[in-house]
K.L.:
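Dumping the structure here so I can ask a few things about it.
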There are 2 protein chains.
Amino acid sequence: MSTRPPQLSPLELSAYFAFTEVSSLLRHEVEKQLRDVGKLSYVQFHVLARLGDAPGGSQRMTDLADGVVYSRSGLTYQAQTLEERGLVTRAPSPEDERSTIVTITDAGRAVLADVFPGHIGVVRSMLFDSLDATDVEVLERVMTRVSGHLRSNPPRSAAPRRRKSD
Amino acid sequence: MSTRPPQLSPLELSAYFAFTEVSSLLRHEVEKQLRDVGKLSYVQFHVLARLGDAPGGSQRMTDLADGVVYSRSGLTYQAQTLEERGLVTRAPSPEDERSTIVTITDAGRAVLADVFPGHIGVVRSMLFDSLDATDVEVLERVMTRVSGHLRSNPPRSAAPRRRKSD
DNA sequence: TATTGTTATACTCTATAACTATA
DNA sequence: TATAGTTATAGAGTATAACAATA
């Protein structure tokens with residue numbers, strides 16, 4: 001596929017190691033904060049946050065799953081958990097009876113509000129406190145470029161379901 | 001603690017979202033590749049890779065745990081799994097009979113060799129293919145700075161074990 | 001027949017606390 | 001008494017495949 005060398009340069013290796021270390025540590029702390037303050041897993045927080053930003057606080061299961069990248073059954077599990085806690089509701093879509101519309105509740109928004117300041121605090125202290133304005137700019141530019149590239153070139157494994165012709 | 005504003009600027013938010021998206025997608029793909037090719041979890045790969053780089057292919061459990069950041073029991077579990085597959089050996093340290101020395105075997109190195117090319121391939125195609133030389137440089141500089149900061153200011157929760165005076 | 005979502009199931013991983021053994 | 005590591009246990013999360021219902 002690629003015509004580029006199969007090795008990483010020392011600089012690339014260093015960048016990769018540092019990147020994974022930072023993302024692991026940050027993720028670990030963020031998960032701990034979400035669990036301690038809001039009893040939320042990372043995925044649950046992600047789902048709530050997406051719903052909080054969505055118009056009407058609602059999204060279809062499939063659209064949510066696309067954003068979170070996980071399996072449908074995994075999302076069903078998390079949505080059930082959130083529904084049992086009263087943080088979301090689920091209802092069949094009026095437009096397409098196959099679809100399920102998930103909607104964040106006031107209680108769900110309250111949990112988001114509980115969790116947000118500490119979440120921001122972790123991100124600030126772990127990521128941005130050691131960066132100056134220029135660093136933030138270049139980091140934003142570089143990460144946005146990569147994420148755009150990943151969105152437009154989804155890895156082969158991202159196929160939602162195996163097709164018959166595989 | 002911090003005197004900085006409790007909010008993130010739009011640029012910081014954008015950087016954070018892109019960063020987490022990239023790291024999630026990359027991690028997901030890397031885990032899939034490791035599982036498919038080497039039947040390794042991410043942590044298992046990390047342990048093997050560290051041992052592969054260590055002098056003599058050996059490290060103490062505690063030193064390994066420090067690198068992986070997880071709980072001791074979690075590392076014991078992974079080390080057991082690796083030992084059952086013959087990828088590492090475990091033996092008490094001659095110097096300190098309390099310690100366990102973990103050593104990578106030839107079979108372990110073989111699995112690492114199996115897994116490496118694809119691992120590099122995922123990292124290259126997902127991360128570095130969309131970056132030019134300058135981007136790699138700044139990414140390396142920024143991430144190295146952050147990781148150094150995190151190492152020297154370990155988050156409060158990183159205390160290995162609760163002390164009596166807590 | 002294709003799509004949406006749930007269920008059943010089995011497995012992996014993680015953490016806490018209690019425990020053993022050595023320093 | 002403190003440290004290194006293991007064990008027991010329990011819970012959370014994930015994925016695959018089979019299934020039901022709707023388009």
Side-chain angles (χ1 to χ4, degrees), chain A residues 24 27-29 31-32 34-36 38-47 59-66 68-85 88-102 157-166, chain B residues 24 27-29 31-32 34-36 38-47 59-66 68-85 88-102 157-166:
Chain A
S24 284
R27 169 95 176 225
H28 204 257
E29 278 305 295
E31 289 189 337
K32 177 173 169 44
L34 292 173
R35 207 165 41 238
D36 291 351
K39 295 186 198 297
L40 292 176
S41 72
Y42 190 81
V43 174
Q44 288 165 1
F45 170 71
H46 210 281
V47 167
Q59 271 204 291
R60 295 194 319 153
M61 288 292 285
T62 294
D63 297 333
L64 275 174
D66 284 352
V68 184
V69 179
Y70 293 115
S71 64
R72 289 150 177 271
S73 64
L75 183 59
T76 295
Y77 168 78
Q78 296 295 355
Q80 275 172 345
T81 302
L82 290 172
E83 189 178 40
E84 283 161 14
R85 286 182 57 189
V88 305
T89 58
R90 286 188 293 174
S93 165
E95 297 175 355
D96 182 341
E97 292 273 331
R98 294 173 302 184
S99 298
T100 297
I101 302 286
V102 188
S157 66
R161 277 186 171 177
R162 189 177 303 160
R163 291 170 303 156
K164 290 198 305 190
S165 55
D166 274 356
Chain B
S24 283
R27 169 94 176 225
H28 204 257
E29 278 306 294
E31 287 189 338
K32 176 172 170 43
L34 292 173
R35 208 166 37 240
D36 290 351
K39 295 187 199 298
L40 293 175
S41 72
Y42 190 82
V43 173
Q44 288 166 0
F45 170 71
H46 209 281
V47 167
Q59 272 204 289
R60 294 194 319 154
M61 288 292 286
T62 294
D63 297 334
L64 275 175
D66 284 352
V68 184
V69 180
Y70 292 116
S71 65
R72 288 149 177 270
S73 64
L75 182 60
T76 295
Y77 168 77
Q78 297 295 356
Q80 274 173 347
T81 303
L82 290 172
E83 190 178 39
E84 283 161 13
R85 286 182 58 189
V88 304
T89 59
R90 286 188 293 174
S93 165
E95 297 175 355
D96 183 339
E97 291 272 331
R98 294 172 302 182
S99 298
T100 297
I101 303 286
V102 188
S157 67
R161 277 186 171 177
R162 189 178 304 163
R163 290 171 302 156
K164 290 198 303 192
S165 54
D166 274 358

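All chains are named by letter (A, B, ...) in the order of the sequence lines, taking the proteins before the strands, and each is independently numbered beginning at 1. Every value quoted in this text rests on a predicted model; they were computed, and no experiment measured them.
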K.L.:
Once you round it to whole Å, what is the distance between P of D/dT3 and CG of B/Asp63?
P.N.:
15 Å
K.L.:
Let me confirm one number: the CD-OG distance from B/Glu31 to B/Ser41, rounded to the nearest 0.5 Å.
P.N.:
8.0 Å
K.L.:
Whole angstrom is fine here: how far is it from CG in A/Leu75 over to C1' in D/dA12?
P.N.:
16 Å
K.L.:
Whole Å only: how far is the NE2 atom of A/His46 from the P atom of D/dG13?
P.N.:
15 Å
K.L.:
Picking from D/dT6, D/dA4, D/dG13, which would you name as closest to the side chain of B/Arg60?
P.N.:
D/dA4
K.L.:
Side chain of A/Arg98 only, heavy atoms from C-beta on: which candidate in D/dA21, C/dT6, C/dA23 is closest?
P.N.:
D/dA21
K.L.:
Would the distance check show the side chain of B/Gln78 and the main-chain N or O of B/Val43 forming a donor-acceptor pair, the cut-off being under 3.5 Å?
P.N.:
no
K.L.:
Using heavy-atom distances to pick each residue's nearest nucleotide on DNA chain D, tell me which of A/Thr81 and A/Pro94 is more 5'.
P.N.:
A/Thr81
K.L.:
Using whole Å, what does the distance between atom P of nucleotide D/dT3 and atom CD of B/Glu95 come to?
P.N.:
19 Å
K.L.:
Within the structure, does a side-chain N or O atom of B/Gln44 lie under 4.0 Å from either OP1 or OP2 of C/dT12?
P.N.:
no
K.L.:
I'd like to check B/Gln80 versus B/Arg90 (side-chain heavy atoms, cut-off strictly below 4.5 Å). Are they in contact?
P.N.:
yes
K.L.:
Contact between B/Thr76 and B/Thr100 at the side-chain level, heavy atoms closer than 4.5 Å - yes or no?
P.N.:
no
K.L.:
Send over the distance from A/Leu40 CG to D/dG13 C1', rounded to a whole Å.
P.N.:
15 Å
K.L.:
With a 4.0 Å cut-off on heavy atoms, is A/Arg35 in touch with a base, just the backbone sugar-phosphate, or nothing at all?
P.N.:
nothing
K.L.:
Within the side chain of A/Arg60, is there an N or O that forms a donor-acceptor pair under 3.5 Å with the backbone of A/Ser93?
P.N.:
no
K.L.:
Taking the side chain of B/His28 as its heavy atoms from C-beta onward, which of C/dT6, D/dA15, C/dT22 lies nearest to it?
P.N.:
D/dA15
K.L.:
Any N or O donor-acceptor pair under 3.5 Å from the base of C/dA15 to the side chain of B/Ser73?
P.N.:
yes
K.L.:
Starting at atom OH of B/Tyr77, determine the distance to atom C1' of D/dA4, rounded to an integer number of angstrom.
P.N.:
22 Å
K.L.:
Between atom CE in A/Met61 and atom C1' in D/dA21, what is the gap in whole Å?
P.N.:
15 Å
K.L.:
Between A/Ser41 and D/dA12, does any side-chain N or O lie under 4.0 Å from OP1 or OP2?
P.N.:
no
K.L.:
Among D/dT14, C/dT14, D/dA23, find the nucleotide with the atom closest to the side chain of A/Asp96.
P.N.:
D/dA23
K.L.:
Quick check for you: among C/dC13, C/dA23, D/dT22, whose closest atom lies nearest to any side-chain atom of B/Glu97?
P.N.:
C/dA23
K.L.:
Which sits closer to the 5' end of DNA chain C, A/Thr100 or B/Gln78, going by the nucleotide each is nearest to?
P.N.:
A/Thr100
K.L.:
Roughly, in whole Å, what's the span from CG in A/Leu82 to P in D/dA12?
P.N.:
13 Å
K.L.:
Looking at D/dA15, I'd like to know if its phosphate oxygens (OP1 or OP2) sit under 4.0 Å from a side-chain N or O belonging to A/Arg72.
P.N.:
no
K.L.:
Classify B/Thr76 by what it touches in the nucleic acid, base, sugar-phosphate, or nothing, heavy-atom distance under 4.0 Å.
P.N.:
base
K.L.:
Name the closest nucleotide to the B/Gln80 side chain, picking from D/dT7, D/dA2, D/dA23.
P.N.:
D/dT7
K.L.:
Could you grab the distance from atom CD of A/Glu29 to atom CG of A/Leu34, nearest 0.5 Å is fine?
P.N.:
11.0 Å
